[in-house]
Number of protein chains: 2
Amino acid sequence: MLTRSSTELVRQQNSALVLASLRRLGAQSHTELSARTGLASATVSAITAELERARIIERLEHQSAGGRGRPRVLFSPRRDCGYLVAVRISSDVVQYSLADYAGTLIDRFEESRQHADPSTERFVVTLREGLAKALQRSALGRERVLAVSISSKGIVDPTATRLLWSPVFGTAEIDFASVLCEWSSVTLSNETLLVAHALGRRAEKAGEGGRSLAALSLGHSVGLGIASGDADGDLKVSAPNFGHMLHATDGKACRCGAQGCIEASAGFYGILRTAFEVPPDTIPAKFVPLAEMDKIALRARQGHRMSEYAFRQAGLALGQGLSRVFSLHESMPVTITGLGARFMDLLSRGIEEGLMQTQQGRLQGMPAITIAPDEATLVFEGHLDRALTQVDRMLAGERPVTGDK
Amino acid sequence: MLTRSSTELVRQQNSALVLASLRRLGAQSHTELSARTGLASATVSAITAELERARIIERLEHQSAGGRGRPRVLFSPRRDCGYLVAVRISSDVVQYSLADYAGTLIDRFEESRQHADPSTERFVVTLREGLAKALQRSALGRERVLAVSISSKGIVDPTATRLLWSPVFGTAEIDFASVLCEWSSVTLSNETLLVAHALGRRAEKAGEGGRSLAALSLGHSVGLGIASGDADGDLKVSAPNFGHMLHATDGKACRCGAQGCIEASAGFYGILRTAFEVPPDTIPAKFVPLAEMDKIALRARQGHRMSEYAFRQAGLALGQGLSRVFSLHESMPVTITGLGARFMDLLSRGIEEGLMQTQQGRLQGMPAITIAPDEATLVFEGHLDRALTQVDRMLAGERPVTGDK
DNA sequence: CGGAATTTTCTCGACAGTCGAGAAAATAAA
DNA sequence: TTTATTTTCTCGACTGTCGAGAAAATTCCG
């Protein structure tokens, strides 16, 4: 059943529309806003006036650039209107980034995690300390932070607050919303979902909106994010549990406890295991140093058979996995990120082989595959856009102070 | 980017809301509508008045049942307000059903298709003839038909008009919207998607809305539909290309031309091939009579090893495939329909085995599996609900005749 | 049989929002 | 200084929702 609608909702929607346009495309004048959003000029006036009164946007005094006629006055979101903290949890380190409402990075620092103790209680304590530190370093009050956006590898529940499974904490769940209840808006996202989100936005900006795309992150673990423009032109993203989807019943042990996962063949430890001819049922190493992987890759490039084979098998697992994903969605271009992207020369043959084995592969041909080495940038972009979009909606939803004139 | 909103859209949305409520839950009074939709009484008045003026709904004179106070007057959609034709294309027959706006079946007939000629041009001609016949049998004009809903097994493009691949026509595409351009609203849906849609509505009515569910149709081919309630409580359905998702690189030839598809193991021809120990690369039979399958099943139940094995392998393919789907979405209950549902006793062991091999299976346990033998009913229900929901939106969108008073 | 109680439906005025048109403002060019 | 041009702002018309209370239709009860 649909939900009921009312005139206030209309204003809320349109305010958010204006706000999002300003934030995504930068400062814009009255007329530009009107053209971009499709709203009548009068409506834009009403909305900007309200947002200005609420001190959410401000007018930049005129940039009297050429042309005759009355000069445009540009509106722009006030950067000090609020702040957001992005927290990126990875296996060895937790990175905190503070950004303002305009999306510019203000402060960033990292806290290393001790591998020895994967207790969630301990982690939550250090997380709170980290957030407190972020506030303190920039001398901000907690009420100035409008959103906390957390990311981790692993499985996130649909409400985007609970971490159901992760390589770091295993099945020990963490409900970030309740654990950080004193913070205003807490969301948790899968890391590769953020990458897909950022790539989707970039494609949108480049005028290729609406098409689906996939982000594949290769490293110690394997992650997939899918972004597709929905009917309203809104960006829909999802993060399937790709790394632990069944690849083959080959008995390769995965660190998740199951066997035959894609990661057991295509994660760093899976490649290492095959290259060194370790029995497939061996419990995988917790962590494989990148230098070790580089050595294997070097040997493979020099023609060492088993190393070459290991990468080829990894590629095959990825290719077949992608073909299965495409069967369930549709064929789409793939962008590869993560530490493992540097091995694409060794992986690509297997990937192609795996992709072309299915009906979907034959019907639609090989998808475009590109490499994006700057995963960290993409993750941060994703954090920003998701959190700020939410903030937009929140700010647009707040009714103006009545009687303030 | 979101889309702009306006007051007229609000009315449209709320009208559709009222209309959908009337159609789904039957005749309702003013107050019931107000409570159900959350709209103010005055708003309901305005909307019902408008719909009544447009001759889309009518008031049933009072059912003065018990209770004191002014008796309620029930509104109900006018059944003669419009009609819809549902066309179900299957491998050997095309079924036409004519229903009125209240969803009651008025006429139904079938036209057999000649197997010999799978040309799409010929088919389109007979399709038009079939539709004309449906009109003529009930003495209706074409303008009275508000929607034509077509279903087939196979892959449908996202705009729901083009058939991209089907077991009947292969890769010969048909764009039903352009081929039937003289009909008002033509939509094409995958058959199992309709089943999932109908099951989703049933679950919604039973108060189990919001949860995802999957429909698995077993027969000559294998189809999957997924229904899940989205954020607005609206029903989202999709039909992944499950039958031709890669199962294993076992070299079993599929009729789609690829190898190792789920259908090559779990479709009727796949089971037959294994049971009779035909080489796996044999081009599969076009059609396997149900009696033949029953014979194999009988032998399997009597302990014949190879027949038993064939069903078990089929189950395994299904179970592993489902586990992969669950990895990409989430674990969800499965309803099994189609001719093959009668073999569930033979399939279930393999299905369970396949499902429990993955992380997802372990984390979330075995999904509930139920059997729904009445696939035809479910398909028709799906046709009705999807088409009528669309009609609701269309009727609600039409502005009233001005000056008609 | 008539009035009170009760429940439902309808109506009216207030309020919120969008839109188009045209007035007002601000600048460059003539 | 005037005119042309472009942008921004303002006003009135229109549409929509909502709450409150009037009006309608029925049962209950003396």
Side-chain angles (χ1 to χ4, degrees), chain A residues 2-18 27-53 57-75 396-403, chain B residues 2-18 27-53 57 59-75 396-400 402-403:
Chain A
L2 303 155
T3 171
R4 86 172 224 270
S5 196
S6 71
T7 49
E8 282 107 46
L9 277 181
V10 169
R11 165 55 67 94
Q12 212 169 310
Q13 161 97 343
N14 287 340
S15 289
L17 190 58
V18 167
Q28 281 160 88
S29 73
H30 194 106
T31 35
E32 283 171 308
L33 281 174
S34 168
R36 189 86 60 180
T37 59
L39 295 166
S41 159
T43 309
V44 174
S45 274
I47 289 174
T48 51
E50 189 178 308
L51 291 175
E52 216 178 340
R53 236 189 355 260
I57 63 173
E58 61 189 347
R59 45 182 76 202
L60 305 175
E61 282 315 325
H62 41 214
Q63 37 105 53
S64 58
R68 57 204 219 164
R70 181 172 174 170
R72 307 181 159 190
V73 347
L74 298 183
F75 291 100
E398 273 172 4
R399 294 295 73 207
V401 208
T402 56
Chain B
L2 302 155
T3 170
R4 84 171 224 270
S5 195
S6 71
T7 49
E8 283 106 43
L9 278 180
V10 169
R11 165 57 66 94
Q12 211 170 309
Q13 160 96 345
N14 287 338
S15 290
L17 190 59
V18 166
Q28 281 160 88
S29 72
H30 195 107
T31 35
E32 283 171 308
L33 280 174
S34 166
R36 190 85 61 183
T37 59
L39 295 166
S41 159
T43 309
V44 174
S45 275
I47 289 174
T48 51
E50 188 178 309
L51 292 176
E52 215 178 341
R53 234 186 0 256
I57 63 173
R59 43 184 78 206
L60 305 176
E61 281 317 324
H62 39 214
Q63 38 106 50
S64 60
R68 59 204 218 164
R70 179 171 174 172
R72 306 180 159 192
V73 347
L74 297 183
F75 292 100
E398 271 169 6
R399 294 296 71 207
T402 56

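Computed from heavy atoms alone, side chains included, the values below leave out hydrogens, waters and symmetry copies. Lettering of chains follows the sequences in order, A, B, ..., and the numbering in each one begins at 1.
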Inset, instruction - Report yes if the side chains of Thr37(B) and Asn14(B) come closer than 4.5 Å at any heavy-atom pair, otherwise no. - result: no
Inset, instruction - Check whether any side-chain N or O of Ser29(A) sits under 3.5 Å from a backbone N or O of Val73(A) as a donor-acceptor pair, and report yes or no. - result: no
Legend entry - Gap between atoms CG and C1', on Leu39(A) and dT18(C) respectively (whole Å): 9 Å
Inset, instruction - Check Gly397(A) against Gln12(A) and note the closest heavy-atom contact, atom names and distance. - result: CA-CG, 3.5 Å
Legend entry - Nucleotide dC19(C), atom P - distance to CD of Glu8(B) in whole Å: 8 Å
Inset, instruction - Round to the nearest Å and state the distance from Ile47(A) atom CD1 to dG17(C) atom P. - result: 9 Å
Legend entry - Backbone N/O of Ser41(B) and side chain of His30(B): donor-acceptor pair under 3.5 Å: yes
Legend entry - Within-4.5 Å side-chain heavy-atom neighbours: Arg36(A) and Leu17(A): no
Legend entry - Heavy-atom protein contacts under 4.0 Å, nucleotides 1-10 of chain C, coded B base, S sugar-phosphate only, - none: ----SBBBBB
Legend entry - Integer-rounded Å distance: dT17(D) P and Arg11(A) CZ: 17 Å
Legend entry - Presence of Asn14(A) side-chain N/O under 4.0 Å of dG17(C) phosphate oxygens OP1/OP2: no
Legend entry - Donor-acceptor pair, side chain of Gln13(B) and main chain of Val10(B), under 3.5 angstrom: no
Inset, instruction - Taking only the side-chain nitrogens and oxygens of Thr7(B), find out if one of them lies under 4.0 Å from OP1 or OP2 of dT18(C). - result: no
Inset, instruction - Return no unless some side-chain N or O of Thr43(B) is found under 4.0 Å from OP1 or OP2 of dC18(D). - result: yes
